[in-house]
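Structure first, then comments.
The basis for the numbers below is simple: all heavy atoms, side chains too, and nothing from hydrogens, waters or symmetry mates.
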Amino acid sequence: MKQIQLILDAGWSDFWLAGCFLALLAAYFWRSARYPRRILLLRSLAVAAILFFLLKPSLLMLEGSVSKPRLAVLVDVSSNMGTVDALAGKTRLAQARRWLEEHRGELEEKLDVTWFAVSEQALKTTWERLKIQEAQKSRLNLAKSLDDVYREGGGQWSAVWVFTDGAGDASADLSHALSQVEAPVQVFGVSAEERSKGFSVKEWKGPDLAFLHMPVTLTAAWEANGVKSQRVKAAVFHGDQIVAQKEIAVDADFAVGLTTFAFIPSSLGKQSYRLEMGSQRRTATVDVVRDKLRILYLCGRVNAEYSYLRHFIKSHPSFELVSFVILRDPEDSVSVSDRELALIPFPAQEIFVNDLFQFDVFILQNFSYSRFGLPKAYLGNVERFIRKGGGLLVIGGEDIFSDGAYLHTAFEDILPVKLPEGSDLYRPGSFALKPRALQHPMLQWGGERSVLEGLWAGLPPLYGSNRFGAPRPDGVVLAVRDAGGEAEPVVVAREIEKGRVLVAGTQSTWRWKLGEGSVIGAGSFYNQFWDRAVEYLSGSLDLEKVNLQPDLSVQVLDETFNPLDDPSARVEIRLSGAQGYSRTFAPRQVQPGKYRIEPHPDLPPGGYKAQADVYHRGKLWGRSSREIRLGQEFTTGKPLQRALLKEIAERTGGAYRDLSEASYADLAKQFPKPKLAKEITVQKAVWGSSYVLWAALACLLLEWFWRIRMGL
């Protein structure tokens, strides 16, 4: 169907000029009213020709065409789509491809289909490539994928179809991505698993990272089948303490939902939160860190180590520092009162009593408390600070251990090394600092072992260190003094209840920073060393020495984080299941630090909570727990997340369907209607014709000729 339209190509400036021109002509014609009509007619024709030129009219020839609605089809190819469902006997990805293969012809006949393979992002593809696509070793990120599809289509999609099981979705914020999609999203849940009777939790997850004393939210995806009108109690436990609880009302024969639980973490490190919903149990782990680490720094005598370390901490975006340095010793004699001095008196009460527990890490450098006559109760406060979860960094020097200041005190009890008798506990002279436990997390900051050893070997020598006694049984010697004789401990760490203590028996690591111009990597080594030290002291490093794997094997590490090689170590694995089932196993050692059990043949298939306890040196060395599933009828992948997928569909005006129950005929009835588009086939700018100009000129010449004839 063809149409012809007349349009004006004039811009605002052309219209303005034409208006001015008409106003001037109106005034001129009003003054020329005495002229004969034929002259006025010729002038009017000339004006019309000029206006025709100014308004720029064009003729358009339009031809109508029907455009198909645009459909984006997203097929999940993440790792969980490689799960083989027992009922279907094929992977979930294969099930999605089979359904699309059956209906692809009709789909592409009525719609303009664009295919996408989605996992961590959406990649535009073809059906031929999608037919041979295998599940990738990557996680699903629906938010990023929907955002990619939106940008690809420029917001012009008529509909979006998503084929996925929704398992393990790593989206940080789905709300933003869904708000951009202006088309309804039809979601097809891909899985042949049967709907289990009763109430079941499909997924229990939260953020990987949370901040201490700030709200965190964990979400449970659940399904209820055949329990209409029942109310299910749900509670979140941290250890034995309930941190959040709700009651869920089931209002349909088959219902799915997402229930969120908000609470405030009170402990640092990897925290385990157990969900008990009905008879279901699930565990999620969240790494709880501080928004900013608060560090209290007390230095007995200002020197280069204090200057460099203070600058490093102050410039770190994640650290907050309060520091004190002793510039006037008690024995310094002054002739005026303290009130008249610029230097404030040593605030011992504030540091050791009032404010200490408000900090995460306490740094004590070359400070001897006995010189200030401080009570020993202050040192008891430091001990309590450590046992409650604080971190203590003790930096040595000439003064700190002189005259046996800390001998037989609560402070000595928490140190990772014993203090020898005597007053001469400082050894001058240059020495090389050598690592003793490179496997320790504090000394691990990327790279192979050979690379780390090369970094240590290339460091500039240090100067001066303290003499220590033997390390305590639970103390870990991280680095030693190598001056050509017997190696002596210099950097020693220790974990005490919830806290950690690190002793650095030298205050010359600033030489690493100073030597960065001459030794490649020395400056960055200084930053990495102290950054890891603060992370260790604050509890931000993963120091777990017992790790229970899904295959019921247990990895056990010693205090230096090497595999524990102790024949007397005792390992127990306890399995707890439904109906009060509980059984304890004694796994066998298959290699140093590695223990394994095989599931007993009489174990009923289903979900279990597994807990491994390791006893070493007569005490509990570590504990690890996790949820596992046993039995062939359970798939190796994560279950279908109907609640999440239903929420995505409904928030965009679409609908959720199990793929096994999806009817193409019903879907076809909801296809968007084709749109009638008009395409310009011919555009003729008639205003640019020379005939218009010749007509205007002819009218003006005739008008001039008649005025001459008539003597006007």
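- Note that CZ of Arg387 and NZ of Lys498 are 12.5 Å apart. Values are rounded to the nearest 0.5 Å.
- Aromatic ring centroids of Phe263 and Tyr273 lie under 6.0 Å apart.
- A salt bridge (charged side-chain N to carboxylate O under 4.0 Å, His left out) with Asp474 holds for exactly one of Arg494, Arg617, Lys545; it is Arg494.
- Here Phe319 contributes atom CZ and Asp531 contributes atom CG; the two are 5.0 Å apart, rounded to the nearest 0.5 Å.
- Within the 4.5 Å cutoff, side-chain heavy atoms of Leu452 are placed close to those of Gln444.
- With Gln641 contributing its side chain and Pro639 its backbone, the two residues share a donor-acceptor pair below 3.5 Å.
- Here the side chain of Lys246 pairs a donor or acceptor atom with the backbone of Thr260 at under 3.5 angstrom.
- Taking each heavy atom of Ala610 and Leu575 in turn, the nearest pair found is CB-CD2, 3.5 Å.
- A donor-acceptor pair under 3.5 Å is formed between the side chain of Gln589 and the backbone N or O of Gln591.
- Checked by atom type and distance alone, the side chain of Glu412 never pairs as donor or acceptor with a backbone atom of Lys418 at under 3.5 Å.
- Listed here is the closest heavy atom pair of Phe468 and Val503: CZ-CG1, 3.5 Å.
- In this structure, Arg500 contributes its side chain and Leu537 its backbone to a donor-acceptor pair below 3.5 Å.
- Here the straight-line distance linking atom CD of Glu559 with atom NE2 of His616 works out to 5.5 Å at 0.5 Å rounding.
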Q: Evaluate the criterion side chain to side chain contact (heavy atoms under 4.5 Å, CB included) for residue pair Leu443 and Trp456; output intermediate values, then yes/no.
A: CA-CA 10 Å; Leu443 302 185; Trp456 279 92; 4.0 Å; yes
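- At a threshold of 4.5 Å between non-hydrogen side-chain atoms, the residues Trp204 and Val236 count as touching.
- Contact record, Val477 with Pro489: CG1-CB, 4.0 Å, taken as the closest heavy-atom pair.
- Between Ser318 and Leu293 there is no side-chain heavy-atom pair separated by less than 4.5 Å.
- Considering only residues two or more places apart in sequence or on other chains, Phe237 meets the ring pair (Phe, Tyr, Trp, His ring centres under 6.0 Å) condition with none of them.
- Contact check for Gln439 versus Arg449: side-chain heavy atoms found under the 4.5 Å cut-off.
- A salt bridge between Glu223 and Arg642 is present, with a side-chain N of the basic residue lying under 4.0 Å from a carboxylate O of the acidic one.
- Of the possible donor and acceptor atoms, one in the side chain of Trp621 sits under 3.5 Å from a partner among the backbone N and O of Leu557.
- Leu502 has its side chain within reach of Leu478: a pair of non-hydrogen atoms, C-beta onward, lies under 4.5 Å apart.
- Residue Arg436 places its CZ atom among 12 or fewer non-hydrogen atoms of other residues, nucleotides or ligands, all under 6.0 Å distant.
- Considering all non-hydrogen atoms of both residues, Ser465 and Val490 come closest at CB-CG2, 4.5 Å.
- The pair Glu276-Arg274 meets the salt-bridge criterion, since a charged nitrogen lies less than 4.0 angstrom from a carboxylate oxygen.
- Under the 4.0 Å criterion applied to side-chain N and carboxylate O atoms, Asp613 and Arg623 are assigned as salt-bridge partners.
- For Ile395 against Thr506, the heavy-atom pair with the smallest separation is CG2-O, 3.5 Å.
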Q) Taking it one step at a time, do Ser78 and Asn80 satisfy side-chain hydrogen bond (donor to acceptor under 3.5 Å, both in side chains)? A) CA-CA 6 Å; Ser78 62; Asn80 205 69; over 6 Å; no
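- With sequence neighbours excluded, the residues forming a ring pair (Phe, Tyr, Trp, His ring centres under 6.0 Å) with Phe188 are Trp99, Trp161, Phe163, listed by chain and number.
- At least one side-chain heavy atom of Phe529 sits under 4.5 Å from a side-chain heavy atom of Met442.
- Side-chain polar atoms of Ser660 and Asp658 form no donor-acceptor pair below 3.5 angstrom.
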**Q.** side chain to side chain contact (heavy atoms under 4.5 Å, CB included) between Thr509 and Trp530, intermediate numbers included
**A.** CA-CA 10 Å; Thr509 61; Trp530 285 117; 3.2 Å; yes
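- If you run side chain to side chain contact (heavy atoms under 4.5 Å, CB included) between Val501 and each of Leu393, Val492, Leu392, Val417, only Leu392 comes through.
- A 4.5 Å side-chain heavy-atom check between Gln549 and Arg596 finds every atom pair outside the cut-off.
- Here OG of Ser553 is found 4.5 Å from NZ of Lys594. Values are rounded to the nearest 0.5 Å.
- From Glu247, atom CD reaches atom CE of Met277 across 11.5 Å, with rounding to the nearest 0.5 Å.
- For Asp542, the CG atom counts as densely surrounded, since its 6.0 Å shell holds more than 12 non-hydrogen atoms of other residues, nucleotides or ligands.
- For His440 and Tyr536, the ring centers sit closer than 6.0 Å to each other.
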Q.
Is there a side chain to side chain contact (heavy atoms under 4.5 Å, CB included) between Arg626 and Thr283? Walk through the geometry before answering.
A. CA-CA 7 Å; Arg626 67 184 310 128; Thr283 301; over 6 Å; no
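- Side-chain contact check for Ser138 and Glu120: no donor-acceptor pair (N or O, by modelled atom type) lies under 3.5 Å.
- The NZ atom of Lys270 sits 7.5 Å away from atom OG1 of Thr285, with the distance rounded to the nearest 0.5 Å.
- Gln95 and Asp85 form a side-chain donor-acceptor contact under 3.5 Å, judged by distance and modelled atom types alone.
- For the side chain to side chain contact (heavy atoms under 4.5 Å, CB included) with Leu218, the lone residue among Val243, Thr259, Leu275, Val286 that qualifies is Val286.
- Between Asn141 and Ala170 the shortest heavy-atom distance is ND2-O, 4.0 Å.
- Side-chain contact annotation: Arg574 with Ser582, donor-acceptor N/O pair under 3.5 Å present.
- Just one of Val394, Ile295, Val534 meets the side chain to side chain contact (heavy atoms under 4.5 Å, CB included) condition when paired with Ile363; it is Ile295.
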(Q) Could you walk me through whether Leu379 and Tyr406 satisfy the side chain to side chain contact (heavy atoms under 4.5 Å, CB included) test, starting with their C-alpha distance in whole Å, then the side-chain angles of each, then the deciding distance to 0.1 Å, before giving a yes or no? (A) CA-CA 9 Å; Leu379 301 182; Tyr406 293 106; 4.0 Å; yes
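- Between the side chain of Asp169 and the backbone N or O of Leu142, at least one donor-acceptor pair lies under 3.5 Å.
- Within the 4.5 Å cutoff, side-chain heavy atoms of Pro207 are placed close to those of Val216.
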